[in-house]
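Structure record follows, encoded as structure tokens.
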Amino acid sequence: MPRYNPATIEPKWQAFWEEHGTFAVPRLPDGDKLYVLDMFPYPSGDGLHVGHPEGYTATDIVCRAARMQGKSVVHPMGFDAFGLPAEEHAIKTGEHPRIQTEKNIATFRRQLKSLGFSYDWQREIATTDVEYFRWTQWIFLQIYDTWFDAETQRGRPISELPIPAEVKAQGLDAVRAYQDERRLAFQSHAPVNWCPALGTVLANEEVIDGKSERGGHPVERRPLRQWMLRITAYADRLEKDLDDLDWHEGIKALQRNWIGRSTGAEVDFYIGNTHLAPGDSPGAKWGEARAKCGLPEKPGDDVLRIYTTRPDTLFGATYMVIAPEHRLVERLTTADNKAAVKKYCDTAAAKSDLDRTELAKEKTGVFTGSYAINPVNGEAIPIWIADYVLISYGTGAIMAVPAHDERDFEFAQQFGIEIKPVVQPGDHVPRDEAAQILAGAQVYTEPGVAVNSGDFDGLATAEFKQKITAWLADRGLGRQAVNYKLRDWLFSRQRFWGEPFPILHELNSDNQPTGRIRTVPADQLPVDLPHLEDYKPHGRPEPPLDKAPDEWLYPVIDGVRYKRETNTMPQWAGSCWYYLRFLDPRNETAAIDPEIEKAWMPIDLYVGGAEHAVLHLLYARFWHKVLFDRGVVSTPEPFQKLVNQGMILGENNEKMSKSRGNVINPDEVVKEYGADALRLYEMFMGPLEATKPWSMEGVNGVYNFLGRVWRLIVDDKADALALHGSVTNAEPGEDDLRATHRCIKAVTEDLASLSFNTAIARMMELTNHFTKAEVRPKSCLESLVLLLSPFAPHLAEELWSILGHVDSLAYEPWPLYDEALLVEAMKEYPVQINGKVRSKIQVAADADQAAVLAAAKADPRIAELIEGKRLVKEIVVPGRLVNLVAK
RNA sequence: GGCCGAGUGGCGGAAUUGGCAGACGCUCUGGACUUAAAAUCCAGUGGGGGGCAACCCCCGUGCGGGUUCGAGUCCCGCCUCGGCUACCA
């Protein structure tokens with residue numbers, strides 16, 4: 001009884017492919033290349049999730065079909081293997097994180113192989129491989145060695161950075177400092193979540209409500225020396241280059257939003273050298289001086305520089321706000337406000353970003369006691385401190401215009417500050433509402449026409465913005481400015497299990513850092529992680545590598561003692577360039593051979609979850625652009641086409657999670673139904689990009705389909721493996737050919753648009769067609785098997801061999817369809833009267849419109865229905881339908 | 001609050017982009033085969049109504065309007081659900 005038995009045929013073909021190196025890819029493409037990439041997984045201890053095979057099957061289908069269509073396809077897989085869980089396991093057990101990581105990778109590899117994906121496993125890499133992160137470190141050195149030339153909008157070697165004469169005159173250290181300030185990788189102090197009870201620094205996700213996720217211990221924010229990458233320098237290019245990418249508009253919008261470019265003006269408000277009081281003015285001298293020398297590059301201590309996107313509302317500014325971390329806080333606070341201000345700033349410092357934004361519904365703030373002079377009207381307005389202004393955006397200070405900004409409005413209402421409307425709403429605003437706005441009782445943030453704005457009254461918002469910006473620039477009081485929501489990338493972590501930085505800090509004779517740093521030369525990479533006795537926290541905020549043995553931690557070069565950088569890189573680092581290494585995974589002299597890079601890049605199709613739509617894709621694009629500027633890669637963008645697979649929900653339509661108990665294990669599905677059924681089901685569920693619920697009955701459904709295909713070709717009632725009796729070498733009939741060629745056309749087209757679900761439906765139709773047929777022409781069955789092979793490769797290979805072929809079908813030419821065979825002699829037209837189908841007629845396929853119309857009117861039922869009525873309109877849509885409008 | 005996406009039978013989903021709504025599959029029902037069951041094969045399966053019958057009629061794509069000979073598809077106004085994001089001045 002040769003039944004369809006995936007449990008025997010699947011391992012058999014997997015072994016065959018492996019033995020024969022069926023999917024091994026040559027160094028360079030042979031003919032048209034296709035680079036299809038999956039987002040490589042993080043090998044968690046839980047093993048593969050059913051979400052993984054969704055995208056992986058989609059790309060596998062594309063690759064298998066492309067090979068049959070003669071393309072040279074590279075389709076690699078690897079592992080994003082650094083990460084917290086392995087380190088936590090190490091802390092508990094004392095076992096090196098690498099051991100756990102490798103176990104997990106082994107599980108993932110086994111699971112992936114059991115699904116029959118056509119990866120070139122020779123190219124497998126893990127970000128944790130020393131030979132891989134050697135080149136991650138090398139790329140860091142490239143970034144470190146680069147400064148961004150704003151003029152040409154390009155990253156250039158630091159050696160090409162022009163050094164101003166006055167800097168040069170101050171000596172070598174000054175030059176170094178000047179360069180270091182401009183490198184794309186630089187050091188800075190940034191707060192971390194320090195948990196004294198756990199003796200370790202926590203990631204943001206590990207902090208909930210200001211307490212540690214584990215144990216609920218208090219967490220404080222502490223500034224620590226960190227590495228930053230200057231991604232903001234590339235913000236404009238990262239935004240602009242999205243235009244030419246073949247990505248879903250929604251994802252592009254997400255990235256644009258994240259970059260968050262805004263244009264406005266920076267404006268200086270005079271604050272004097274002491275504390276200004278109401279009624280004070282800067283005096284004519286200051287204004288004259290400014291008009292002469294223009295706006296200084298950096299604001300001095302006598303002004304408060306703010307950023308606004310609405311310079312047209314300057315006349316409506318009734319107070320100022322600076323962030324609690326602003327450098328002028330102390331300077332601006334008058335004696336009698338000191339205590340309150342200190343208390344407020346201390347509280348703000350303890351709050352996490354989350355507390356300051358999401359959870360804080362009510363606005364808070366404190367008055368400094370001093371005033372600033374509005375440059376447009378000379379009015380002195382109070383300066384407040386409030387944490388709704390972020391130090392990390394713009395200048396960390398704003399002018400508040402409560403009449404035309406919701407946040408300022410809320411704040412002003414709360415603290416009883418004047419609300420002064422300066423924008424007359426547009427005509428779309430109802431009259432009573434406009435009156436409310438002009439009375440300062442309601443906020444209005446849209447454009448309109450200026451009022452209460454001196455000589456500028458009557459200007460439309462857009463025009464006013466331009467005029468006032470020019471006015472300010474003329475007087476040295478302000479300038480046009482651009483800002484981004486995007487922040488520089490905090491690139492260091494206080495963790496063990498990550499890539500070490502190839503950086504050394506010089507020490508003086510007292511073992512204190514001198515501030516000078518040097519890099520580990522490229523030819524001395526990799527910097528491997530040291531051996532540790534155990535992985536337990538050492539109880540200081542410094543990274544765990546601080547407890548590395550001295551031989552590792554303190555190298556001596558040319559008689560100078562250094563301390564290694566002990567921060568490690570974040571998990572994002574490894575995934576920023578893995579797609580390059582896949583092309584040349586064993587290269588020992590370069591990250592990638594330029595010849596190989598030119599031949600295969602860019603990636604033609606990149607498939608992965610939407611959860612990486614912002615960070616991973618932005619970071620990788622940023623690295624790629626730096627590498628492009630430095631001549632390492634030849635394309636400005638890595639991922640030409642991107643598709644985000646949808647989420648798979650549990651059977652109950654909820655997210656899959658252990659706690660809900662609705663997690664589906666792919667191993668179980670493979671065991672019960674086979675890999676082909678799992679693959680086919682995941683593709684049949686619905687569109688790749690849609691969120692859709694799992695259904696075991698659905699899996700059973702496609703499993704039945706595969707069984708039907710099997711029985712179409714194999715006689716499952718025979719004692720031994722034999723072709724079904726109705727399989728024949730005879731020439732196929734017209735109906736068979738039409739059905740087959742329609743299927744070829746549909747599947748080919750659906751594949752091109754990644755519409756796998758409908759492609760499968762078409763193959764089901766063809767299977768139904770031949771199941772009913774008493775004679776099944778072999779040539780048609782072969783076409784079906786080839787069409788099915790990218791989806792259910794094991795079954796297809798088995799049937800292909802049963803049909804008498806010796807070789808794998810992996811490189812068999814893709815079936816072609818003949819347009820001439822698709823058309824029928826007769827065509828059925830529905831005939832509508834007043835838009836409702838009343839009859840159907842058979843007409844010769846090549847009949848002209850008049851003939852179709854005549855046939856429609858001649859139809860007995862139609863004739864009866866239009867009898868005695870007047871035909872107002874007669875519509876014939878060629879190839880579609882007839883509609884008669886009768887009265 | 002903002003951005004994006006989606007609402008079609010009992011369920012997952014189709015619909016050449018303005019042209020027969022419900023392809024394909026699941027579920028369910030009936031039949032064939034069988035001593036019986038499973039498996040398999042065949043047929044039916046949006047709702048309501050009429051007819052002995054082949055058939056016929058009405059309603060129907062979240063809701064309300066509109067454009068059109070014709071709307072799931074386009075326009076206007078809502079409702080619901082999901083994802084991402086969140087004081088970015």
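Chain naming here is simple, since letters A, B, ... match the order of the sequence lines and numbering starts at 1 in each.
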Base, sugar-phosphate or nothing for [X]? Non-hydrogen atoms, less than 4.0 Å.
X        : value
A/Asn768 : sugar-phosphate
A/Lys692 : sugar-phosphate
A/Val885 : sugar-phosphate
A/Gly701 : sugar-phosphate
A/Arg711 : sugar-phosphate
A/Glu828 : base
A/Asn704 : sugar-phosphate
A/Arg838 : sugar-phosphate
A/Arg861 : sugar-phosphate
A/Ser392 : nothing
A/Thr758 : sugar-phosphate

Any carboxylate oxygen within less than 4.0 angstrom of a Lys/Arg side-chain nitrogen, looking at A/Arg660 and A/Glu651? no
Among [options], which is the nearest nucleotide to the side chain of [X]?
X        : options             : answer
A/Leu390 : B/C20, B/A89, B/G13 : B/A89
A/Lys873 : B/G13, B/C69, B/G5  : B/C69
A/Arg708 : B/C42, B/C84, B/G5  : B/C42
A/Lys655 : B/G19, B/A39, B/C84 : B/C84
A/Asn883 : B/A89, B/G19, B/A23 : B/G19
A/Trp258 : B/G13, B/A89, B/U85 : B/U85
A/Val877 : B/A89, B/A23, B/G19 : B/G19
A/Thr771 : B/C69, B/C41, B/C24 : B/C41
A/Met764 : B/C24, B/C26, B/G83 : B/C24

Does one side chain, of [X] or [Y], offer a donor that lies under 3.5 Å from an acceptor on the other?
X        : Y        : value
A/Asn483 : A/Arg261 : no
A/Tyr817 : A/Thr748 : no
A/Asp236 : A/Tyr484 : yes

Taking atom types as they are modelled, is there a donor-acceptor pair under 3.5 Å from the base of [N] to the side chain of [X]?
X        : N     : value
A/Lys363 : B/C87 : yes
A/Arg310 : B/A89 : no
A/Lys840 : B/C20 : yes

In whole angstrom, give me the gap between the [atom1] atoms of [N] and [M].
N     : M     : atom1 : answer
B/C24 : B/G9  : C1'   : 15 Å
B/G64 : B/G31 : P     : 42 Å
B/C76 : B/C28 : P     : 45 Å
B/C4  : B/G19 : P     : 26 Å
B/C84 : B/G77 : C1'   : 26 Å
B/G44 : B/U27 : C1'   : 14 Å
B/U40 : B/C79 : C1'   : 48 Å
B/G83 : B/G70 : P     : 40 Å

Check whether any side-chain nitrogen or oxygen of A/Thr691 sits under 4.0 Å from OP1 or OP2 of B/A6, and answer yes or no. no
On the nucleotide B/A14, are OP1 or OP2 found under 4.0 Å from the side-chain N or O atoms that A/Arg762 carries? no
Distance, rounded to the nearest Å, where [X] contributes [atom1] and [N] contributes [atom2]:
X        : N     : atom1 : atom2 : answer
A/Leu615 : B/U85 : CG    : C1'   : 12 Å
A/Tyr703 : B/C24 : OH    : P     : 23 Å
A/Ile760 : B/C26 : CD1   : C1'   : 14 Å
A/Asp405 : B/A89 : CG    : P     : 9 Å
A/Ile833 : B/C57 : CD1   : P     : 10 Å
A/Asn757 : B/G13 : CG    : C1'   : 7 Å
A/Tyr4   : B/A39 : OH    : P     : 17 Å
A/Glu774 : B/C41 : CD    : P     : 15 Å

Nearest-nucleotide 5' precedence on RNA chain B, A/Lys485 against A/Leu884: A/Leu884
Watson-Crick/G-U partner (both atom distances under 3.5 Å) of [N]:
N     : result
B/C63 : B/G77
B/U68 : none
B/C84 : B/G2
B/A43 : B/U29
B/A53 : none

Using modelled atom types and a 3.5 Å cut-off, is there a donor and acceptor pairing between side-chain atoms of [X] and backbone atoms of [Y]?
X        : Y        : answer
A/Arg310 : A/Thr445 : yes
A/Trp710 : A/Pro2   : yes
A/Tyr673 : A/Asp676 : no

Syn versus anti for B/U35, judged by chi lying within 90° of 0? anti
Which label fits B/G60, syn or anti, where anti is any glycosidic angle not within 90° of 0? anti
Could you tell me if A/Lys363 sits above the aromatic ring of A/Tyr388, with its cationic atom closer than 6.0 Å to the ring centre and no more than 45 degrees from the axis? yes
Counting only heavy atoms not in A/Gln442, do more than 12 fall under 6.0 Å of its CD? yes
Please say whether more than 12 non-hydrogen atoms of neighbouring residues, nucleotides or ligands are located less than 6.0 Å from CD in A/Glu433. yes
